[in-house]
Amino acid sequence: IAVDDKGLVAIFCFGLPGFVHESHCMHAVRAAVAITSVMAEGGEPCTAGVTTGNCYCGLVGDIERRAEYAVVGDTVNTAARLAFTAKKDAQEVLISNAVVSTIRNASKSLLSFRPHRMVTMKGKTIPEQTWLARVISHRSRFSGSNAFKRSDSMSNMSSMNEAS
């Protein structure tokens, strides 16, 4: 979370090393839709851009003086540009074609997608199809759905919570 000349910026990452699971794209879209909806209901509209790809994630800076954990790269820039485009287009969440391609078949009962428009983003020469998403089902791993199947360690944590 940072505040800069663009305002408040929060970066949410799904599928970081050590936390990878088969449906991180679906989790990211559902989170983006939920966060933007809650913010709008609270009178603080915001936008989100969701994409998938490789990026650097780790410490940046001098460990002896000042270092921070950061995610940087084209994927992060693309997500920021999608969020900026969403704001211009009066949308809450814009999703990249890469995300839709990754989860379209796996998410049929949980999400629906519709094409928004082709966008040529800053630093890119080829236009990309952007998408809008709608959450169809609010099922989660807590309601018995296996659509958000997690690693065994997460299953063990859930079991411990239920036993408490």
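No hydrogens, no waters, no symmetry mates; every other heavy atom, side chains included, goes into these values.
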When rounded to the nearest 0.5 angstrom, what distance separates [atom1] in [X] from [atom2] in [Y]?
| X | Y | atom1 | atom2 | result |
| --- | --- | --- | --- | --- |
| Arg30 | Phe14 | CZ | CZ | 11.0 Å |
| Cys46 | Lys87 | SG | NZ | 10.5 Å |
| Gln91 | Arg117 | CD | CZ | 10.0 Å |
| Arg81 | Asp74 | CZ | CG | 7.5 Å |
| Asp89 | Thr130 | CG | OG1 | 7.0 Å |

Test item: [X] and [Y] side chains (from C-beta on) under 4.5 Å apart, heavy atoms:
| X | Y | result |
| --- | --- | --- |
| Leu111 | Ile136 | no |
| Ile126 | Thr120 | no |
| Pro45 | Met39 | no |
| Lys124 | Thr78 | yes |

Minimum heavy-atom distance [X]-[Y], with the two atoms named:
| X | Y | answer |
| --- | --- | --- |
| Leu132 | Val93 | CD2-O, 3.5 Å |
| Ala48 | Ala86 | O-CB, 4.3 Å |
| Thr85 | Leu94 | CG2-CD1, 3.7 Å |
| Glu128 | Ser96 | OE2-CB, 3.1 Å |
| Ala83 | Thr47 | O-OG1, 3.0 Å |
| Val76 | Ile11 | CG1-CD1, 4.3 Å |

Inset, instruction - For the residue pair Trp131 and Phe113, categorise the inter-ring angle as parallel (less than 30°), tilted (30 to 60°) or perpendicular (more than 60°). - result: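 Trp131 vs Phe113 ring planes: perpendicular.
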Legend entry - Thr75 side chain vs Cys55 backbone, donor-acceptor pair below 3.5 Å: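 Between the backbone of Cys55 and the side chain of Thr75 there is no qualifying donor-acceptor contact (under 3.5 Å).
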Inset, instruction - Check for a donor-acceptor pair, side chain of Ser101 on one end and backbone N or O of Ala98 on the other, with a separation under 3.5 Å. - result: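 Here the side-chain-to-backbone pair does not exist.
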Extract all donor-acceptor atom pairs below 3.5 Å that involve side chains of residues 62-72 and protein atoms in other chains or at least two apart in sequence.
from, atom 1, to, atom 2, distance (Å)
Asp62, OD1, Glu64, N, 2.9

Legend entry - Full working for side-chain contact (heavy atoms from CB on, under 4.5 Å) between Met121 and Leu82: CA-CA 8 Å; Met121 290 177 258; Leu82 285 167; 4.1 Å; yes
Inset, instruction - Could you walk me through whether Val135 and Leu110 pass the side-chain contact (heavy atoms from CB on, under 4.5 Å) test, one step at a time? - result: CA-CA 6 Å; Val135 176; Leu110 300 174; over 6 Å; no
